[in-house]
Amino acid sequence: MSYNPSEIEAKWQQKWDDEKAFEPDDGYERKKKYILSMFPFPSGRLHMGHVRNYAIGDAFARYYRKQNLNVLHPIGWDAFGMPAENAAIKHGRHPKEWTYSNIDYMRKELNTLGLSFSKTREFATCDVLYTKWEQEFIIKMFEQKLLYRESTTVNWCESCHTVLANEQVEEGCCWRCDNAVQLKEMPGYYLDIIKYADELLGDLKLLEGKWPSQVLTMQNNWIGKSQGLEFSFELSASSKEKLGGHFERYTVFTTRPDTIYGVTYSALAAEHPITKYLCDNALLDEEIVAKIGVIANMTERERAQADKEGYALGITVIHPLTGEEIPVWTANFVLASYGGGAVMAVPAHDERDFEFASKYALPVKRVISGGESLPYTLEGALIDSAAFTGLGNYESKAKIIGMFEEAGFGKGTTNYRLRNWGVSRQRYWGAPIPFVHCKHCGLVPERVENLPIALPEDVEITGEGNPLENHPTWKHCTCPVCGKEAIRETDTLDTFVQSSWYQFRYATHPNKWNTTGIDKEDANYWLGVDQYIGGIEHAILHLLYARFFTKVLRDLGYHNIDEPFENLLTQGMVLMDGAKMSKSKGNTVDPDALVEKYGADTARLFTLFAAPPAKELEWNDSAVEGAFRFIKRLYDRQAKVTQSTLPQIEQAALSKESKLARVKVYEALQKSSDVYEKSFSFNTLIAACMEALNALDKQDNALVWTEGMYIMLNLLEPIIPHVTTELSEVLFARKNLQRILEVKEEVFVQENFVYVVMIGGKKRVEIEMAASAAQEEVLAAAKEAGAKWLEGMTILKEVVVPGKLVNLAVKPN
RNA sequence: GCGGAUGUGGUGAAAUUGGUAUACACGCCAGACUUAGGAUCUGGUGCUUUACGGCGUGGAGGUUCGAGUCCUCUCAUCCGCACCA
């Protein structure tokens, strides 16, 4: 009987379905384990990255079930988003039809991989029932002032016809279509993630050692907390007059209050209200107004690449401490969206300010000692700084902030690089933002009892404009407050909103899905996710948003969880010929074809064996053959098993080869808990099993074979579940799969040790000694065996490592 | 520029507290069985040397009886952020 994967795999997949084998308990009695692989976007077909992601997750889930834990291992679909609309434009298919048919196809593909998902908890984020609860959260966030609508300059992707969040702009281009991002002033909805910045930052400490350190660093940098001084520059009397009395002062932020006596000019962003006023009221040369206009139309990225450029605005401010008059410029390196869009400039101690001052011949005033040339940005004592002269700059920062606070012209402040999360998208295939624009009542949320606000299905998707905006009737509604005619919001939510709370939806028992979004008791029992697995590309976007949502929903009373993902494993990409697999490069491997040719077990074994999960995985067709060969060998060796229970073995009576085989089998067993719970290096566990099989092949004791197969099938079941379950059924009535077995220490007890004898740091000979031999005996034997190398030498030092080696340090006589 | 990570055979990769470097697999070589083999099995395979031996974990130092592992410096590659005042 030869190994026939398609038959075995279909049989067990059917059986698992019939047995509902992977549903968690309804109650909370057993200890839980929540294993989650990031859910897929239903693009149409699985790719190898999915196979890797779900093979890893499934190994964890199956392992923990054996520990008698209550395992939640769900799957669902991240189903809203642009590609569905693109398919509609290209192929004339309705996004809903396209999405759900893709889901049906991909669900079948996942099934053929034999993944142990709970089937009752599956959902798609475009299900109206999911939208309903999401809209409820959004309204509650609005009530708590965590969601607001405002008009600002946003990142706009012309090819996607939508706004992008800051996090979705990669190197100045759209994260999805790679089109250059433009700036556009438009209204949108924002979530106040900055309000949670401190907690999001501080709680990264809770994740140390549980998340990859680079992800923690990336989040840390992204939040970008900096502390400093915020104060106002008062405009000079003549400047106030010039500005028609519309401005008295403006605020700046600095992290270097210690350099305040070195301020020689101040700079405003092109978008700053004062700059705008000067431009709009013809208070600057036309030429300069035009040039400022050009800067204002550049994206942040374009400005970053441009040379420093600026113009004197013909106004001055008063230095708050010295009373000096300081010129005000506009400069292209001052960001409108950070620190109030204005800076104090200290060219002596800041590289940007220095470069700008050099270009425009502005004065430079040194106030920190140290270094030979300017700008000097390191530590030093203050000079020419009035009462603060002589202090170190660290000490002076606090004192200067204190002085500003006392005098009431400024205060210590914290600023974040993080921007609030813009969640408006001008697209059809998303969750409608549940608000209404009423002429009488303004912007009002829908009534919760009217939720969900579902998408209209009769839409025409042309790629021109927002289909919800263009729909003849959908946006016309009545105001939930006054009952008069009103207009429904036509923006939909960013799809990252859906993936920010799906981990709670899975945890909520499906019986409750109709009546609640998140069940508190269920959530508190199941969350945080004990092991989360996904791509590093989500290090900031999804993982930061999901952490934020978790904290917000906690504060809204939905649960008591602080962090959604307790442990994170970021898997590496799947490569072919050193490059990322992609359709455009034509270097993809089709999972369906792979499963058809070799079976799911081989596909899974290869992906876990070829590299540790966090590293990139280089595809190799012949290594896949190798994985297949191992499974075949394992399958063939069923003939070696002679009894259906774990045998009792008398260790002392065994041959040397049989003893070694047992050692290899038990070494693999010993390794398994470390691999599943700590190192995640499945490749080494598989290698240990291969070694065990190789060692078993070198002996012929039937009991040792039986024990070896009994244990190995158990160890490998999470990785290659079909063939191991089949063999286990035939040989051991599946009894061997029920729990993790115990290591028998006596197997490792050796009668003899092989000592390596090193002389002068070099390995020379090996000697075999009884385990009971005393150190002196070992040493004497080593000297005898190594006599040849000891001739004419004096032994300086003798080191014996019990059971392992002897090292003799020598020098010539 | 700042931050993080990684450098080990022809290839993917192993290596508790510092203790026999290259496990396991791919590839390659030889052999067996075969009409045949891209099937299966067995053996070999770091470099160098006729051999003894010598040299080998990106490079250079250091600590140690002993370093892939610890310390210092350095080079290369990859990733993230990039005027955040």
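A, B, ... follow the sequence lines: proteins, then strands. Residue 1 opens every chain.
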For B:A23, does either OP1 or OP2 sit under 4.0 Å from a side-chain N or O belonging to A:Lys664?
no

Would B:G9 be called syn or anti here, given the cut-off of 90° from 0?
syn

Expressed in angstrom and rounded to an integer, what is the separation of A:Lys804 atom NZ from B:A21 atom P?
13 Å

Re B:G7: Watson-Crick or G-U wobble partner, both distances kept under 3.5 Å, found to be B:C75

Tell me what A:Pro612 touches on the nucleic acid: a base, only sugar-phosphate, or nothing, going by heavy atoms under 4.0 Å.
sugar-phosphate

Is it true that A:Tyr635 and A:Thr724 share a donor-acceptor pair across their side chains at a distance under 3.5 Å?
no

Just to confirm, is there a sub-4.0 Å distance from OP1 or OP2 of B:C84 to any side-chain nitrogen or oxygen of A:Tyr416?
no

Among A:Phe630, A:Trp619, A:Phe628, exactly one meets ring-ring contact (aromatic ring centres under 6.0 Å, His included) together with A:Phe606. Which residue is that?
A:Trp619

Separation of A:Lys225 atom NZ from B:A85 atom P, in whole Å?
13 Å

Using a 4.0 Å heavy-atom cut-off, does A:Lys308 contact any base of the nucleic acid, only the sugar-phosphate backbone, or nothing at all?
base

What contact category does A:Ala610 fall into here, base, sugar-phosphate, or nothing, at under 4.0 angstrom with non-hydrogen atoms?
sugar-phosphate

For A:Asn620, report the nucleic acid contact type (base, sugar-phosphate, nothing); a contact means any heavy atom under 4.0 Å.
sugar-phosphate

Rounded to whole angstrom, note down the P distance from B:G18 over to B:A13.
26 Å

Please determine, for B:A51, whether a Watson-Crick or G-U wobble partner exists with both distances under 3.5 Å, and give it or none.
none

Decide if the gap between the ring center of A:Phe682 and the ring center of A:Tyr676 is smaller than 6.0 angstrom.
yes

Do any side-chain nitrogens or oxygens of A:Ser226 fall under 4.0 Å of OP1 or OP2 in B:A85?
yes

Rounded to the Å, how far apart are A:Met712 CE and B:C24 P?
15 Å

Tell me the interatomic distance from A:Lys763, atom NZ, to B:G56, atom C1', rounded to whole angstroms.
14 Å

Pick the C1' atom in B:A60 and in B:A5, then give their distance to the nearest Å.
23 Å

Write down the partner of B:U69 under the Watson-Crick or G-U wobble criteria, each distance required to be under 3.5 Å.
none

With a 4.0 Å cutoff (strictly under), does any side-chain N or O of A:Asn683 reach OP1 or OP2 of B:A14?
yes

Start with the C-alpha distance between A:Asn4 and A:Ser6, add both sets of side-chain angles, then the distance that settles side chain to side chain donor-acceptor pair (under 3.5 Å), and finish with yes or no.
CA-CA 6 Å; A:Asn4 181 344; A:Ser6 57; 3.1 Å; yes

Give the rounded distance in Å between these two atoms: CG of A:Asn220 and P of B:G80.
18 Å

C1' gap between B:G27 and B:U22, integer Å:
16 Å

Nearest-angstrom distance, P atom, B:G4 to B:U74:
15 Å

Where the side chain of A:Arg764 is concerned, which of B:A85, B:C83, B:G53 is the nearest nucleotide?
B:G53

Is a donor-acceptor contact shorter than 3.5 angstrom present between the side chain of A:Asn221 and the base of B:C81?
no

In Watson-Crick or G-U wobble terms, both distances under 3.5 Å, what is the partner of B:C24?
B:G12

Against the side chain of A:Ser622, the closest entry in B:C26, B:A82, B:C83 is B:C26

Result for 5'-nearest mapping on RNA chain B, choosing between A:Val334 and A:Lys788, is A:Lys788

How is A:Lys678 classified with respect to the nucleic acid when contacts are heavy atoms under 4.0 Å: base, sugar-phosphate, or nothing?
nothing

Find which nucleotide of RNA chain B each of A:Val801 and A:Leu808 is nearest to by heavy atoms, and output the residue with the more 5' nucleotide.
A:Val801

Nearest-angstrom distance, P atom, B:U17 to B:U63
24 Å

Does A:Arg256 contact B:A85 through a side-chain donor or acceptor facing the base, at a distance under 3.5 Å?
no

Expressed as a whole number of angstroms, how long is the span from A:Lys397:NZ to B:A85:P?
10 Å

Please tell me if the side chains of A:Val346 and A:Tyr261 come closer than 4.5 Å, counting only heavy atoms from C-beta onward.
no

Euclidean distance for P, B:A21 against B:G31 (whole angstrom)
33 Å

For the P atoms, the ones on B:C55 and on B:G66, what distance do you get once it is rounded to whole angstrom?
15 Å

Would you mind pulling out the nucleotide paired to B:C81, Watson-Crick or G-U wobble, both distances under 3.5 Å?
B:G1

Select base, sugar-phosphate, or nothing to describe what A:Gly626 touches, counting heavy atoms under 4.0 Å on all strands.
sugar-phosphate

Please state the P separation for the pair B:G43 and B:U8 - nearest whole angstrom.
30 Å

Apply salt bridge (charged side-chain N to carboxylate O under 4.0 Å, His left out) to residues A:Arg303 and A:Glu271 and explain how you reach the verdict.
CA-CA 13 Å; A:Arg303 291 186 219 189; A:Glu271 295 88 342; 2.5 Å; yes

Would you classify A:Gln219 as touching base, sugar-phosphate or nothing, given that sugar-phosphate means primed atoms plus P, OP1 and OP2, and contacts are heavy atoms under 4.0 Å?
nothing

May I ask you to decide whether A:Lys640 forms a salt bridge with A:Asp700, counting only side-chain N to carboxylate O separations under 4.0 Å?
no

Just checking, any donor-acceptor pair under 3.5 angstrom between side chains of A:Asp258 and A:Tyr394?
no

Checking only heavy atoms, does the side chain of A:Arg419 share a donor-acceptor pair with the base of B:C84 at less than 3.5 Å?
yes

If B:U57 has a Watson-Crick or G-U wobble mate with both distances under 3.5 Å, name it; if not, just say none.
none

Residue of the set A:Val800, A:Leu796, A:Ile759 for which side chain to side chain contact (heavy atoms under 4.5 Å, CB included) holds with A:Leu808:
A:Ile759

Give one of base, sugar-phosphate or nothing for A:Ala306, where a contact means two heavy atoms less than 4.0 Å apart.
base

Among the nucleotides B:C24, B:A85, B:G19, whichever has the atom closest to the side chain of A:Val799 is B:G19

Centres of the A:Trp421 and A:Phe496 rings: under 6.0 Å?
no

According to the Watson-Crick and G-U wobble definitions, with both distances under 3.5 Å, which nucleotide is paired to B:U40?
B:A32

What is the separation between atom CZ on A:Arg629 and atom C1' on B:A25, rounded to the nearest whole Å?
9 Å

Classify A:Glu766 by what it touches in the nucleic acid, base, sugar-phosphate, or nothing, heavy-atom distance under 4.0 Å.
base

On the nucleotide B:A25, are OP1 or OP2 found under 4.0 Å from the side-chain N or O atoms that A:Asn694 carries?
yes

Look through every strand shown and name the nucleotide pairing with B:U64 as Watson-Crick or G-U wobble, where both distances are under 3.5 Å.
none

Using a heavy-atom cut-off of 4.0 Å across all strands, would you classify A:Phe609 as base, sugar-phosphate, or nothing?
base

Spacing between A:Phe628 atom CZ and B:A39 atom C1', to the nearest angstrom:
11 Å

